[in-house]
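Only one structure is covered here, and it is reproduced in the block below.
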2 protein chains.
Amino acid sequence: MAIKERKEREKQEMRNLIIESATQLFLKQGYDKTSIRSIADDIEYSPATIYLYFKDKDEIFYVIHENAFDILDKHLRQHDGIADPFERLGAIGRTYIKFGLENPDYYDLMFIMRAPMEQIKNEEKWKAGECAFGYLLTTLSECLEQKKIRPAELHVTAIMVWSFVHGLVSLYVRERMCILMMEDDATREVLYSSLDLFMANLKT
Amino acid sequence: MAIKERKEREKQEMRNLIIESATQLFLKQGYDKTSIRSIADDIEYSPATIYLYFKDKDEIFYVIHENAFDILDKHLRQHDGIADPFERLGAIGRTYIKFGLENPDYYDLMFIMRAPMEQIKNEEKWKAGECAFGYLLTTLSECLEQKKIRPAELHVTAIMVWSFVHGLVSLYVRERMCILMMEDDATREVLYSSLDLFMANLKT
DNA sequence: GAATATAATAAACACTGTTTAGTAAATGCA
DNA sequence: TGCATTTACTAAACAGTGTTTATTATATTC
């Protein structure tokens, strides 16, 4: 019965085709403008076909969402080698911000958008997200252990750090940094200087 | 020619009627579900009539957006009496967070949503927003003058502070704090503890 | 080869924001 | 007062959206 396996493979290939097209369109023109019909056009199938492979639009973007978390995770883990946890924390922070500025659409989908949240709240609660957040927790608990930062409850510290970098990126991504009335390059410099100041304040 | 004045008044009344209805619907069911047709239904006029008073949906929500900034501004200014700028800063922070948690839809419209941003970028650049941000700048420059906080460039410091509180509120409002896997009350407590920790780190 | 299961789609449904063409009432002027 | 003009309003349409249903053509099973 190799036919069933082939069918399964073909089904997965079709799902991949849809995800690839959706990702490409999404990164090119954003979530709202990526309609089911535009994906269907792109892969040269009818819109209804897409619903044979995905429950709804959210399910498609939940897969992209998961992929984005994998990419961020790879970026952050590249600092695993840094022995000093405080230095590692700084590197993670810079990389997080860099990821957000360079992949605003991914960042939006992961941490700002409301759309595919129904999926996220179910499933293995934040699977991918827990991973990156877990990495922050481990790094911070090392910092606390070695008294590199002010003693405080681990989760409170983690939320403080995450909120700060998320605030930086999300205000930038959603164009609220225009209040600075600076050129884009100057604005980005303020962001990174702001991270340096934050880290200086954090240090014991 | 009192007729012209009456007509002008009636026009303004109609605009107010639309805004009131839109605000009420928006706060009850959010931006996306507040359609032009639902507003029209509510005020018992045809959808096309609304377009005689507002250019498009964005223009309606830009007015609500402005009103929301007025409300936030009033909340923040209530701490004008606090003489010590560092204490005042803490009070402003708490009030900012409280406003966000208690008015998530207003907060969303003001600092997260993409929708009525076209309007904001034009007009008297951030008029209302500059006001609240300006208040933060004054308070922080007093803190710097009196050496209550670590010396640093004013705008860098302001962005650090704003990003942090915005991060807190926006992660909460867009339901990313569920990563803590805590009850809502406990999560809110973490937020406020996180503010306390941030302020402690900020202090010289 | 006939019966069944699978894959794909055209067309429709119920929405959305917005525009256009046409109607009825209020106003300005003689 | 009577007529022309401006104003206020709307029904209907347009071009989209996500999603569902009924139907057709193909592939698989027996």
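So you know, we letter chains A, B, ... as the sequences are listed, proteins then strands, and number each from 1. Values below: every heavy atom of this structure, side chains too, minus hydrogens, waters and symmetry copies.
When the side-chain nitrogen and oxygen atoms of S35(B) are compared with OP1 and OP2 of dT16(C), one or more of them lie within a distance under 4.0 Å. Checking the phosphate oxygens (OP1, OP2) of dT9(C), a side-chain nitrogen or oxygen of S46(A) falls inside 4.0 Å.
Comparing dT10(D), dT19(D), dT9(C) by their closest approach to the side chain of I36(A) singles out dT19(D).
R37(A) contributes no side-chain N or O that forms a donor-acceptor pair with the base of dG16(D) under 3.5 Å.
Cation-pi contact between K57(B) and Y31(B): present, with separation from the ring centre below 6.0 Å and deviation from the ring axis of at most 45°.
Counted by atom type alone, Y172(B) and Y107(B) present zero donor-acceptor pairs between their side chains at under 3.5 Å. Side-chain contact, Y135(A) with D80(A): a donor N or O sits under 3.5 Å from an acceptor N or O.
In this structure, F164(B) has its ring center no closer than 6.0 Å to that of F164(A). Checked against the 6.0 Å centroid criterion, the rings of Y62(B) and F54(B) do not qualify as a close aromatic pair. Annotation: F69(A) is in aromatic contact with F111(A) [ring centroid separation under 6.0 Å].
dG17(C) atom C1' lies 15 Å from atom CG of D41(B), rounded to whole Å.
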Within the sub-3.5 Å range, which N or O atoms of nucleotides 20-25 of chain D have a protein N or O partner, and how far apart are they?
none

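Among the atoms of the strands shown, only primed sugar atoms or phosphate atoms (P, OP1, OP2) are found under 4.0 Å from some heavy atom of T34(B). Y53(A) comes within contact range of the sugar-phosphate backbone alone, with a heavy-atom separation under 4.0 Å but no base atom that close.
Residues of residues 10-17 of chain B that place a heavy atom closer than 4.0 Å to DNA chain C do not occur.
Residue pairs meeting the side-chain hydrogen bond (donor to acceptor under 3.5 Å, both in side chains) criterion with at least one partner in residues 193-203 of chain A, sequence neighbours excluded, are N201(A)-R150(B).
Partner of I18(B) under the side chain to side chain contact (heavy atoms under 4.5 Å, CB included) criterion, chosen from T23(B), I60(B), V63(B): I60(B).
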